[in-house]
Amino acid sequence: MVTVRKRNVKVFTFAFVLITVTSFLLNYKQQVTMTTWDPKHILTQFSEQVRKLIKFPRRPCSCSTCISELGHSLWFDQRFNSTMQPFLTSQNALIPEDSYRWWLKLQGEKSPKNINDTLKELFGIVPGDGDPLQERGTFSCRRCAVVGNSGNLRQSQYGQDIDSHDFVLRMNRAPTIGYESDVGSKTTHHFVYPESYRELAENVSMIVIPFKTLDLRWIVTALTTGTINFTYVPVPRKIKVKKEKILIYNPSFIKYVYENWLQNHGRYPSTGLLSVIFALHVCDEVNVYGFGADSKGHWHHYWENNASAGAFRQTESGISLQRLHLKWKK
Ligand SMILES: CC(=O)N[C@H]1[C@H]([C@H](O)[C@H](O)CO)O[C@](OP(=O)(O)OC[C@H]2O[C@@H](n3ccc(N)nc3=O)[C@H](O)[C@@H]2O)(C(=O)O)C[C@@H]1O
Ligand SMILES: CC(=O)N[C@@H]1[C@@H](O[C@@H]2O[C@H](CO)[C@H](O)[C@H](O)[C@H]2O)[C@@H](O)[C@@H](CO)O[C@H]1O
């Protein structure tokens, strides 16, 4: 009887160890490609998995690779700072002094209104939180497509591929109607600033990128009195967006993108780069579409015939998106 019990304990222990080791290996299976049965190689891979397990006791997402799991590229790791907050919300309405001073210079705003009063007024109207992109903690794989406005999307047939993502992020004018087969029809989030505002479908979250205090004040007046109708160009007096759908891009995050990712090149980051780095912080997998100049290096849009090609000759020259460790879609 005692022997049977002992044997049962042994069998149970063996099964337990087997299950633990197997599930541990399966947890990381997509990152391990067994190319050889060389014991030395297997041991190296095993110790690499143990190292990862110690570094990430629980994987941050269920995708085959998660952006926030560092260790793939030193270049990337040196730039990515997971503590940076992409959103400004009613609970996180603080812009550190140095970021604020830097941000104030972006568009040389003369006599800006007090920032604390402005933020108080803004978050008295918009909550700035509760969006699916702000909810973390569930073990899932958040796949995001960031769609730039480049003319290289024409005839690309990327529409279906783009729409297969959980989140589709677009920016500025970016029309979809009439361009579905190349750019898709789904939009979950749309980046705008007052000068690039366009009407959005009801279910789309509007992420406002403020480049000056007036941009933050514009959000308030565009939802209430309609008093601001000009910044450096005419802007809409009123906007038709539900307050709950308005999210505010954090000015400190713009500084982070400029310093870490642009390495202080240029005046400030383009909307496209701000969107890509934003996505890297809120998504688990990011695929990028519609970035890049035409064959002559000219700026072009997929919906028009190179109207302002002469004015904007360079695209993201300060940074090579290919190096961002993203799947590159041209
Ligand atoms: C005349 C002008 O000011 N044009 C600017 C326009 C304009 O304000 C908006 O389209 C108005 O709706 O906005 C910009 O950019 P734009 O709206 O053209 O494009 C958005 C982002 O897509 C990427 N892009 C676009 C075209 C192209 N040939 N190659 C690209 O890589 C870029 O990453 C780009 O940022 C902007 O905000 O960045 C930058 C442009 O310089
Ligand atoms: C063409 C140009 O440089 N226009 C600038 C304008 O730049 C645009 O600002 C937008 C945000 O407001 C966005 O960043 C876009 O990508 C820029 O082209 C502003 O800097 C403006 C400030 O007064 O001055 C215009 O000449």
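Owing to the predicted nature of the structure, the values given are computational and were not obtained by experimental measurement. Sequential numbering from 1 along the given sequence is applied to the chain's residues.
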message: Let's go through Tyr193 and Tyr197 carefully: what are the C-alpha distance in whole Å and the side-chain angles of both, what is the deciding distance for ring-ring contact (aromatic ring centres under 6.0 Å, His included) to 0.1 Å, and is it a yes or a no?
response: CA-CA 6 Å; Tyr193 38 89; Tyr197 171 80; over 10 Å; no
- request: Let me see the working for Ser181 and Gln160 under side chain to side chain contact (heavy atoms under 4.5 Å, CB included), right down to the final yes or no.
  value: CA-CA 7 Å; Ser181 62; Gln160 267 192 357; over 6 Å; no
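For the pair Thr213/Trp103, a side-chain contact is recorded, criterion being any heavy-atom separation below 4.5 Å from C-beta on. The closest side-chain heavy-atom distance from Arg217 to Glu121 is not below 4.5 Å. Within the 4.5 Å cutoff, side-chain heavy atoms of Asp163 are placed close to those of Ser185. With contacts defined as side-chain heavy-atom distances shorter than 4.5 Å, the pair Leu274/Pro269 qualifies. Within the 4.5 Å cutoff, side-chain heavy atoms of Leu70 are placed close to those of Phe76. The closest side-chain heavy-atom distance from Phe230 to Val235 is not below 4.5 Å. For the pair Val208/Leu247, no side-chain contact is recorded, criterion being any heavy-atom separation below 4.5 Å from C-beta on. At a threshold of 4.5 Å between non-hydrogen side-chain atoms, the residues Lys245 and Ser205 count as touching.
Enclosure of atom CD in Gln263 by more than 12 non-hydrogen atoms of other residues, nucleotides or ligands within 6.0 angstrom is indicated. Within a 6.0 Å radius of NZ in Lys242, other residues, nucleotides and ligands contribute 12 heavy atoms or fewer. The environment of CD in Gln155 is sparse: at most 12 heavy-atom neighbours from other residues, nucleotides or ligands sit within 6.0 Å. Enclosure of atom NZ in Lys243 is not indicated, since only 12 or fewer non-hydrogen atoms of other residues, nucleotides or ligands lie within 6.0 angstrom. Within 6.0 Å of atom CD in Glu202, 12 or fewer heavy atoms from other residues, nucleotides or ligands are found, so the atom counts as exposed in its surroundings.
With hydrogens and angles ignored, the 3.5 Å screen pairs a side-chain donor or acceptor of Arg170 with a backbone N or O of Lys186. Under a 3.5 Å cut-off, the side chain of Tyr256 and the backbone N or O of Asn81 do form a donor-acceptor pair. Checked by atom type and distance alone, the side chain of Thr188 pairs as donor or acceptor with a backbone atom of Val168 at under 3.5 Å. Within the 3.5 Å criterion, the main-chain N or O of Lys105 finds no donor-acceptor partner in the side chain of Arg101. With Glu109 contributing its side chain and Leu214 its backbone, the two residues share a donor-acceptor pair below 3.5 Å.
Criterion: ILVMFWY side-chain heavy atoms under 4.5 Å apart, direct or through other members. Under it, Tyr289 and Ile177 are not part of a common hydrophobic cluster. The same ILVMFWY cluster, assembled from side-chain heavy atoms under 4.5 Å apart, contains both Val233 and Phe191. Taken together through direct or relayed side-chain contacts under 4.5 Å among Ile, Leu, Val, Met, Phe, Trp and Tyr, Leu94 and Ile219 form parts of separate hydrophobic clusters.
Summarising the geometry, atom CD1 belonging to Ile209 is positioned 7.5 Å from atom OG belonging to Ser196; distances are rounded to the nearest 0.5 Å. Atom NE2 of His72 sits about 5.5 Å away from atom OG1 of Thr65, to the nearest 0.5 Å. One finds the CG atom of Leu106 at 8.5 Å from the CG atom of Leu104 (value rounded to the nearest 0.5 Å). Rounding to the nearest 0.5 Å gives a distance of 8.0 Å between OG of Ser150 and CG of Asp294. Here the CD1 atom belonging to Ile162 is positioned 13.0 Å from the SG atom belonging to Cys144, to the nearest 0.5 angstrom. In this structure, CD1 on Ile95 lies 6.5 Å from CG on Asn250, to the nearest 0.5 angstrom.
Put simply, the residue from Asp182, Asn149, Thr176 that forms a side-chain contact (heavy atoms from CB on, under 4.5 Å) with Trp303 is Asn149. Screening Phe80, Trp261, Tyr249 for a ring pair (Phe, Tyr, Trp, His ring centres under 6.0 Å) with His281, the sole residue that qualifies is Phe80.
Asp215 and Thr231 share no side-chain donor-acceptor pair at under 3.5 Å. Side chains of Trp102 and Tyr258: no donor on one and acceptor on the other come within 3.5 Å. Under 3.5 Å, the side chains of His189 and Asp131 contain a donor-acceptor pair of N or O atoms.
Val146 and Ser275 make their closest contact through CG1-CB, 3.9 Å (heavy atoms, listed as atom of the first residue, atom of the second, distance).
Between Cys141 and Cys66, the two SG sulfurs stay at or beyond 2.5 Å from each other.
Salt-bridge formation is not detected for the pair Arg173/Glu195: no Lys NZ or Arg NE/NH1/NH2 atom is positioned less than 4.0 Å from an Asp or Glu carboxylate oxygen. Under a 4.0 Å N-O distance rule, the pair Arg142/Glu285 does not qualify as a salt bridge.
Phe278 and Phe87 have their aromatic ring centers within a separation under 6.0 angstrom.
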